[in-house]
Colleague: 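Structure incoming, see below.
In what follows, every chain begins at residue 1, and chains take the letters A, B, ... in the order their sequences are listed.
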Amino acid sequence: MAKDKPTKLKARLPRGLADRGPAELAGTRAMLDTIRRVYELYGFEALETPFIEYTDALGKFLPDQDRPNEGVFSFQDDDDQWLSLRYDLTAPLARHVAENFQDIAKPFRSYRQGWVFRNEKPGPGRFRQFMQFDADTVGAPTVAADAEICMMAADTLEALGIARGDYVIKVNNRKVLDGVLEAIGLGGDDNAGRRLTVLRAIDKFDKVGIEGVRDLLGEGRWENPAAKSGDFTKGAGLDEYEIDTVISFVTLQSGDVTPLEDITGLAAGARANGHEVNNYGSGQFVESNKGVVNHLRAMFGNYATSAEGIEELAEIADLAEAAGYSRDRIRIDPSVVRGLEYYTGPVFEAELTFEVKDEKGRPVRFGSVGGGGRYDGLVGRFRGEAVPATGFSIGVSRLAAALSALGKLKAATEYGPVVVVVMDRDQTGHYMGLVKTLREAGIRAEMYLGNPKNLGNQFKYADRRNSPCVVIQGSDERAAGTVQIKDLIEGAKAAAAITDNAEWRESRPAQFECSEAELVEKVKEVLGHHGVPYGAARG
RNA sequence: GCAGCUGUAGCUCAGUUGGUUAGAGCGCCGGUCUGUGGAACCGGAGGUCGGUGGUUCGAGCCCACCCAGCUGUACCA
């Protein structure tokens, strides 16, 4: 009989998804605790919604398609209704608020954290399942709510260990953009398509540079402009004058032009307080949000829609400044576009400003690690009236990926349990008794459950589990009422010099004997010596 | 979706102008060592060479198509 090899099933993980080990879980848990602490400090309260929503609650275009799997994972219920895995936490929040509108005290301030899913092509820092941590204020029309969200975003990133200057919260306002677009004749519903193209072009500013944006606003752009090869992106088809207008808006802060605030009268005082003040000709100037806002006023203040947005930005800048958040943390930046569909006013984006490199030394683009904005229309979709709302979302998974790529995510060695080795199979009950004693003292412990015939294997196991120590009791010890405790951490150090195997075995480094009654006390000494937490000290 | 690159052991990769039975390092398992982790030495398991078809006396290598992965780009409500 020919032996047919059973066809092995290939074990493989779908792309864009990831298993998480103990170290990563511990790191994520610490991040979540930190974020939660900041959010709660600001007065937000917890809320959780399910992973699954009706598809039409998430977006407006889906239900009429055959397979609404563009971007979202969807499937049909028994009753043929389309369900989807949530792709963010904002739409479910809007549904929750609308559904429980009467019972919710407004302004409603809530936070929530959880997995979201996107059916898109994954990449570095882009996953198909990732975690977000949101905070939203629903029912507050004031821009103070927006300003507060920005400040909280800054506080959160710093609480996570990102130094001031290594991140920035960029702020813009959709109304300013809308006004500019109206001014160049792209207002109205029939220009929605071109408007979108313009917004996307602006969004790519830091990726393709000023010339790239110029091409995208005009005829279009090749993936490799020099060789005119690769993918071609069709442009918005604007003329020279229109392009110049848009470019002047975008570069206002982000690129070549940095508007400066004239502080001639204030410079002396600023210097006295230790601020750096640049000299430009006769007047004295400093980079500031107020400078950007003044510049916007001068250039676009005569467009009604823009003016409204500019004044909102001015107020956010003032509020932030008054609270001590200056341009190094919260920055008015007209190139920020974001969330093209549902944002109605201020939009925010959290960016890391330091460069992260991959293992080959090439710079990695992680994109924004958080974002948000005002979405006055989202809750209103479920009701007849507009409900003002603003919120912010941290991309926990992406931020964790960025931090660990940078080596900033503390990869503290996770110690395993104390292992009680099995020397005599017929004493299993007694060994488990030792384990129980340790557990009752709050010490992680387990008896070796593998094949106990070779004692060496049990040590190898304990070594791999990163156990701080093992407990040994053979017939000699049992007769004497004692146990051997072997400190594996200390032993590894002590044995580093030994090269001869026989000597290695004989020396039994870092091993000592104690009475069974002293077991807990002595193990605690070993754990304490190495800083291994136990009992209440464990997280 | 579009473009480029890459598919050989669990991982990283060799593999001559096409030539018997496809290799190495690491890892894994076992032994030296059934009362002691590491090192060392010895041994072992593990491959439809991504798939299908073609050219050839002969294909891991050449050709066509397909599939998968990576990178970029587009899309991302």
Colleague: Do A/Asp487 and A/His530 pair up side chain to side chain, a donor and an acceptor below 3.5 Å, judged on atom types alone?
Modeller: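 Yes, A/His530 and A/Asp487 have a side-chain donor paired with an acceptor closer than 3.5 Å.
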Colleague: Please give the distance between the C1' atoms of B/U48 and B/G60 as a whole number of Å.
Modeller: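 Those two atoms are separated by 12 Å.
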Colleague: Just checking A/Glu219: does its CD atom have more than 12 heavy atoms from other residues, nucleotides or ligands closer to it than 6.0 angstrom?
Modeller: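 Open.
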Colleague: Suppose you measure atom P in B/G4 against the same atom in B/U20; what distance do you get, rounded to whole Å?
Modeller: 35 Å
Colleague: Parallel, tilted or perpendicular: which fits the ring planes of A/Tyr111 and A/Phe133, with parallel below 30° and perpendicular above 60°?
Modeller: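 If you compare the ring of A/Tyr111 with that of A/Phe133, the planes turn out tilted.
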Colleague: Keeping A/Thr233 on the side-chain end and A/Gly220 on the backbone end, is there a donor-acceptor pair under 3.5 Å?
Modeller: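 No; judged by distance alone, with no hydrogens or angles, the pair does not exist.
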Colleague: Just by distance, do the side chain of A/Arg126 and the backbone of A/Gly16 share a donor-acceptor pair under 3.5 Å?
Modeller: no
Colleague: How many Å lie between CG on A/Leu85 and C1' on B/C76, as a whole number?
Modeller: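 Distance check: A/Leu85 CG to B/C76 C1' gives 16 Å.
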Colleague: Return the value, rounded to whole Å, for the distance between atom CZ of A/Arg200 and atom C1' of B/U73.
Modeller: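 Value for this atom pair: 14 Å.
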Colleague: On a whole-Å scale, what distance lies between the P atoms belonging to B/A24 and B/C42?
Modeller: 14 Å
Colleague: Can you tell me how far P in B/A22 sits from the matching atom in B/G30, rounded to whole Å?
Modeller: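 That atom pair is separated by 28 Å.
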Colleague: Would you measure the distance from the C1' atom in B/A3 across to the matching atom in B/C75 and give it in whole Å?
Modeller: 16 Å
Colleague: Report, one pair per line, the protein and nucleotides 1-7 of chain B atoms (nitrogen or oxygen only) whose separation is under 3.5 Å.
Modeller:
residue: B/G1; atom: N2; partner: A/Asp231; partner atom: OD2; Å: 2.4

Colleague: Got a minute to check which stems RNA chain B is part of, using Watson-Crick or G-U wobble pairs under 3.5 Å, three or more consecutive?
Modeller: B:1-7 with B:67-73, B:10-13 with B:23-26, B:28-32 with B:40-44, B:50-54 with B:62-66
Colleague: Specify the separation, in whole Å, of atom CH2 of A/Trp222 and atom C1' of B/A74.
Modeller: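 So the CH2-C1' distance, A/Trp222 to B/A74, works out to 14 Å.
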Colleague: Salt bridge (Lys or Arg N to Asp or Glu O under 4.0 Å) with A/Glu516: which residues, sequence neighbours excluded?
Modeller: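 By the salt bridge (Lys or Arg N to Asp or Glu O under 4.0 Å) rule, A/Glu516 matches no residue at all.
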Colleague: Starting from P on B/A74, measure out to CG on A/Leu196 and report it in whole angstrom.
Modeller: 14 Å
Colleague: Which whole-number value in Å describes the distance from A/Lys234 NZ to B/U73 C1'?
Modeller: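 It is 18 Å, rounded to the nearest whole Å.
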Colleague: Roughly how far apart, to the nearest Å, are B/C66 and B/G72 at atom P?
Modeller: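 The answer is 25 Å between these two P atoms.
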Colleague: With a 6.0 Å cut-off on the ring centroids, do A/Phe51 and A/Phe117 count as close?
Modeller: yes
Colleague: Could you tell me how far apart A/Leu216 (CG) and B/U73 (P) are, to the nearest whole angstrom?
Modeller: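 From A/Leu216 CG to B/U73 P: 12 Å.
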Colleague: Distance between the C1' atoms of B/U12 and B/C65, in whole angstroms?
Modeller: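 After rounding to an integer number of Å, I get 30 Å for this pair.
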Colleague: Does any non-hydrogen side-chain atom of A/Phe459 lie less than 4.5 Å from one of A/Ile472?
Modeller: yes
Colleague: Just call it for A/Arg126: base, sugar-phosphate, or nothing, with non-hydrogen atoms closer than 4.0 Å on any strand.
Modeller: base
Colleague: Sort and list the pairs that fulfil salt bridge (charged side-chain N to carboxylate O under 4.0 Å, His left out) and have at least one residue in residues 466-486 of chain A, not counting sequence neighbours.
Modeller: A/Asp424-A/Arg478
Colleague: Whether the side chain of A/Ser467 engages the backbone of A/Pro417 through a donor-acceptor N/O pair (distance < 3.5 Å, no angle test) should be reported.
Modeller: yes
Colleague: Using a 5.5 Å cut-off between ring centres and planes within 30 degrees, is A/Tyr342 stacked on the base of B/A77?
Modeller: no
Colleague: Could you measure between the two C1' atoms, the one in B/U16 and the one in B/C62, and give it in whole Å?
Modeller: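 Nearest-Å result for B/U16 against B/C62 at atom C1': 16 Å.
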Colleague: Can you label the angle between the A/Phe348 ring and the A/Phe392 ring as parallel, tilted or perpendicular, going by 30° and 60°?
Modeller: tilted
Colleague: Hey, which of A/Thr344, A/Thr90, A/Asp136 is the one that makes side-chain hydrogen bond (donor to acceptor under 3.5 Å, both in side chains) with A/Tyr375?
Modeller: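 Between A/Tyr375 and the candidates, side-chain hydrogen bond (donor to acceptor under 3.5 Å, both in side chains) is satisfied uniquely by A/Asp136.
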Colleague: Starting from P on B/A74, measure out to CG on A/Asp203 and report it in whole angstrom.
Modeller: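 To the nearest whole Å, that distance equals 10 Å.
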Colleague: Between protein and nucleic acid, restricted to nucleotides 26-28 of chain B and to nitrogen or oxygen atoms under 3.5 Å apart, what atom pairs and distances do you find?
Modeller:
residue: B/C28; atom: OP1; partner: A/Arg464; partner atom: NH2; Å: 2.5

Colleague: Hey, are the side chains of A/Leu519 and A/Leu438 touching, using non-hydrogen atoms and a 4.5 Å cut-off?
Modeller: yes
Colleague: Any non-hydrogen side-chain atom of A/Arg374 less than 4.5 Å from a side-chain atom of A/Asp376?
Modeller: yes
Colleague: Between A/Asn466 and A/Tyr415, is there a side-chain heavy-atom distance shorter than 4.5 Å?
Modeller: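 Side chain of A/Tyr415 against side chain of A/Asn466, heavy atoms only: contact under 4.5 Å found.
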Colleague: Over how many whole Å does the gap from A/Arg118 atom CZ to B/A74 atom C1' extend?
Modeller: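 Rounded to whole Å, this separation is 17 Å.
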Colleague: What string of B, S and - do you get for nucleotides 33-38 of chain B 5' to 3' if you count protein non-hydrogen atoms under 4.0 Å?
Modeller: BSBBBB
